[in-house]
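One structure below.
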Amino acid sequence: MTIRRTDGSTPVSLRPTTDTSTTAKAKNVLRVKDGFESVSRTGAAAGAQPTAAASATTQASSTGATSAQTGRLALDSKEAQQAIQTSLKALTPPMTASSLLAANKTGPTLAPKSVEVDELGMTHVRLDRVHEGVKVFGEQLISHLGTDGKVSSVTGEQNPIPAGLGTQKPKLAPQAAIDIAKKELGGKADKQPSSERVIYQDAEGKYHSAYQVEVTQIAGQEKPKKQNYIIDANTGKVLESFNKIGGWSKSAAAQLQVNGTASPNVAIPDKGQVQSKINIPDGVTVDKLSVDLNIKHTWSGDLKVTVTSPSGKSAVLQDRKGGSKDDIAGSFDLSEAFKGESAKGEWTVTVEDKAARDTGTLNNWSLNITAKETTPPTDPQNPPTGTADDLTMYSGHVDLKTKKEADGTYSLEDSTRGKGIVTYDANNKSTASGQTKISDDNDKWGEATDPARAKAGIDAHYGAATTYDFLKNVLGRDSIDGAGEKLVNYVHVKNNYVNAYWDGEKMSYGDGDGKQSGPLTTLDIAGHEIAHGLTERTAGLIYSGESGGLNESFSDIIGTGVEWYAAQNNPEAKWNWTVGEAAWTPNNGDSEDGLRYMNDPTKDNYSVDNYKNYPKQTEVHGSSGISNNAFYLLVEGGKNKTSGLEVKGGIGMEDGLKIFGRALTTYMTPKTTFAQAREATIKSATDLYGADSNQVQKVKDAWTAVGVN
């Protein structure tokens, strides 16, 4: 949900080398730290058994580097330097005297962001695109080096950018851009907004000199924001905006817009009537409803216009008697008349002419419905209780790794996984901060006599640990950054807070309100939100448009994967294809009641399951259903509801997760589209199982079924 890494320095520019020697001793070899200390460990993460591919020792080639070490490399390491230089030589044309002079004037074109070695022995160099010394928003190239150290393929494109966009001085000062962003957001920012000069490509393909401004509003907000604005550096126009913090809420469905249009162009009979119908397939409840109407009619007529719902309820839109001409053009609010009605079925507009010698035409009309927010019944959360060792609310009995304190008590701090996992009490503050420990006297968590306040912390701690283990043992990755990044959790954020979110550095969990939800610390929610951190540290999918839908979808996929992974070893942990059902209280734990349904995305009356419907639903949670269903069909097989196309037999959860996980971390960039995600998963499956494998064919079949070709 962001394009910036928060754990390293700003990417350092690097001009392509002209050294054609076969060693890595070029004068301009980059030596810069990226926030990671040099990594000395080899093989898989501590305690894990390395695979044959991961443990095999390979020799660095003359043009690149491979290593027995897996995970993210420090940018100043010899292996990373060799891979970067090899990539730049492959990506840039040979330098002539004139091109060298131009490069010195315009600045470098690529800047290294990360270098990672995977379990297959391949090295992946992620490079930010730079134009005339200015970062190009959301545009990256990824160079993929085989075990021989040579570039085997490249992900990403370099579209031509007009000269001068980076070197010409903007008409707008950075502070002016910040002021525009603050005005757009409204309210008070938590801290001084940041502004970064960028080159931005709009939806039509035109590049702009721009600023990326981030304004943060977290404290006291029901929906916390790290709102980003792309502002034209010369005109001050807001070119795009998006919130990096996605959050966890069902309220998006309350904003569902259902529309229908009819253009009958039918004559209105003199002293007669005409009808036109619009069929609404969505079974949502009306909150607001308006009708746009366009009727042409002569001056002396009396017209009555009535709208009738599928249930037979009618409301008079206009009843004109006498006077001047009766043309009717405009929008009419009928919310009060139809509030609470089901939208599904045929809606009818009836136009009656009640005066003689009149002529007219019903040209067109449209129906605009905003769905009503559903307030769940007030069943209180009733978590299980017991006296067994380490009892969670949602996942049964588990084994938590904790820390023994000097006073003999234990706290939720795990030093056995990566650089650690820690869970704190936010003390119901609006912004999670501090280090208030959650303690237990005997290291048996969840006993009936334990403080009730500890319960949410137990589940959050278990969720983070399970997510770490999933990343390591299924995706072959040491935490979200590939280098063991510490996972920090806060529970009891705000009061009665129905949300959970990743803010770029840590997890924040609300307790729920006991009506819509209980504590939002279930396995799939924890996995979903921490996966936003994984996306942020790797592909950096921008949280808007198609990349935003993919961002949300991959969090759903990984969240479901974490739930599945836990169930393999914990008989009390359950998994299914419904997102968030365990915390959602109306039918708590029921797979028929959740936030999203990966096996049938349209079931929530909000999401779409096929790309042909993407123009109707571009909000990132709603469009996530496209790739969610592709993943489901890949794993289980079945038919896409919208297309009717069938995937005959799935490949199973583990293979599906490996393919999609690798695609995210290895082949996707900030602006990846659904079509490019298809290609990324095909490449991933090819790497893992071979070009002629059943897995590759099923990946193709699954995307085709959801309309992505």
Side-chain angles (χ1 to χ4, degrees), residues 1-10 35 135 137-138 172-198 200 210-231 233 236 238-249 251-252 424 426-435 480 485 487-495 497-510 520 528-537 540-544 547-548 551-552 555 620-621 670:
M1 59 183 168
T2 179
I3 62 160
R4 284 195 218 132
R5 253 185 356 152
T6 59
D7 55 348
S9 61
T10 302
K135 183 178 177 180
F137 174 79
L172 205 67
Q175 184 58 50
I178 289 174
D179 291 341
I180 291 170
K182 289 168 69 175
K183 183 177 179 180
E184 285 285 327
L185 182 68
K188 186 177 181 181
D190 291 341
K191 58 184 179 181
Q192 176 62 23
S194 63
S195 175
E196 180 183 9
R197 177 89 183 281
V198 295
Y200 172 81
Y211 292 104
Q212 181 180 0
V213 181
E214 181 172 282
V215 188
T216 302
Q217 278 186 343
I218 295 179
Q221 303 295 315
E222 285 302 308
K223 293 184 178 180
K225 296 176 182 176
K226 274 190 172 181
Q227 196 72 26
N228 276 242
Y229 297 92
I230 308 298
I231 297 171
V238 177
L239 302 172
E240 183 179 351
S241 69
F242 58 92
N243 182 12
K244 286 184 180 179
I245 298 177
W248 190 268
S249 172
S251 61
Y424 297 123
N427 295 310
N428 301 106
K429 293 179 180 177
S430 59
T431 304
S433 62
Q435 295 186 359
I480 59 176
E485 180 172 344
L487 300 178
V488 180
N489 310 286
Y490 283 86
V491 295
H492 305 306
V493 175
K494 305 182 184 178
N495 289 294
Y497 188 44
V498 185
N499 205 354
Y501 59 91
W502 164 262
D503 69 1
E505 298 175 352
K506 60 187 180 295
M507 280 299 309
S508 293
Y509 293 98
L520 285 93
H528 174 108
E529 295 300 340
I530 295 172
H532 279 308
L534 172 66
T535 299
E536 185 176 275
R537 301 291 189 262
L541 292 164
I542 297 168
Y543 206 64
S544 67
S547 60
N551 190 318
E552 269 301 310
S555 276
V620 297
H621 295 85

Note: Val493 and Ala426 closest approach over all heavy atoms is CG2-CB, 3.8 Å
With sequence neighbours excluded, residues passing ring pair (Phe, Tyr, Trp, His ring centres under 6.0 Å) with Tyr497:
none
Let me confirm one number: the OH-NZ distance from Tyr543 to Lys226, rounded to the nearest 0.5 Å.
13.5 Å
So how far is it from Gln217 CD to Lys223 NZ, rounded to the nearest 0.5 Å?
13.5 Å
The reported gap from CE in Met507 to CG in Leu487 (rounded to nearest 0.5 angstrom) is 10.0 Å
Ser555: side chain to side chain donor-acceptor pair (under 3.5 Å) partners, not counting sequence neighbours
His532
Please enumerate all residues that pass salt bridge (Lys or Arg N to Asp or Glu O under 4.0 Å) together with Lys506, with sequence neighbours excluded.
Asp503
For Gln175, what residues pass the side-chain contact (heavy atoms from CB on, under 4.5 Å) criterion, not counting sequence neighbours?
Ile178, Asp179, Gln192
Taking only residues two or more places apart in sequence or in another chain, which ones pass side-chain contact (heavy atoms from CB on, under 4.5 Å) with Val198?
Phe137, Glu196, Ala210, Gln212
By side-chain contact (heavy atoms from CB on, under 4.5 Å), Ser430 pairs with (sequence neighbours left out) Ala219, Lys494
Identify the two heavy atoms, one from Tyr211 and one from Ala173, that lie closest to each other, and give their separation to 0.1 Å.
OH-C, 3.8 Å
As a quick check of understanding, evaluate side chain to side chain contact (heavy atoms under 4.5 Å, CB included) for Ile480 and Trp502, giving each step before the final call.
CA-CA 12 Å; Ile480 59 176; Trp502 164 262; 3.7 Å; yes
Listed by chain and number, what are the side-chain contact (heavy atoms from CB on, under 4.5 Å) partners of Gln227, not counting sequence neighbours?
Leu185, Lys225, Tyr229, Ser241, Asn243
Side chains of Ile542 and Glu240: closer than 4.5 Å at any heavy-atom pair?
yes
Looking at Tyr501 and Glu529, what are the two nearest heavy atoms and their distance?
CA-OE1, 3.6 Å
Report yes if some heavy atom in the side chain of Asn551 is under 4.5 Å from a heavy atom in the side chain of Val620; otherwise report no.
no
Taking ring pair (Phe, Tyr, Trp, His ring centres under 6.0 Å) as the test, write out the residues that go with Tyr490, two or more places apart.
Tyr424
Could you go through Leu172 and Ile180, starting from their C-alpha distance and side-chain angles, then the distance that decides it, and tell me whether this counts as side chain to side chain contact (heavy atoms under 4.5 Å, CB included)?
CA-CA 11 Å; Leu172 205 67; Ile180 291 170; 4.0 Å; yes
Does Lys182 reach the side chain of Lys188, with side-chain heavy atoms less than 4.5 Å apart?
no
Could you tell me which residues satisfy side chain to side chain donor-acceptor pair (under 3.5 Å) with Thr431, sequence neighbours excluded, listed by chain and number?
none
Quick one: CD on Glu214 to CZ on Phe242, what's the gap to the nearest 0.5 Å?
8.5 Å
Rounded to the nearest 0.5 Å, what separation is found between the CG atom of Asn228 and the OG atom of Ser194?
7.0 Å
Which heavy atom of Ser547 sits nearest a heavy atom of Pro670, and at what distance?
CB-O, 3.4 Å
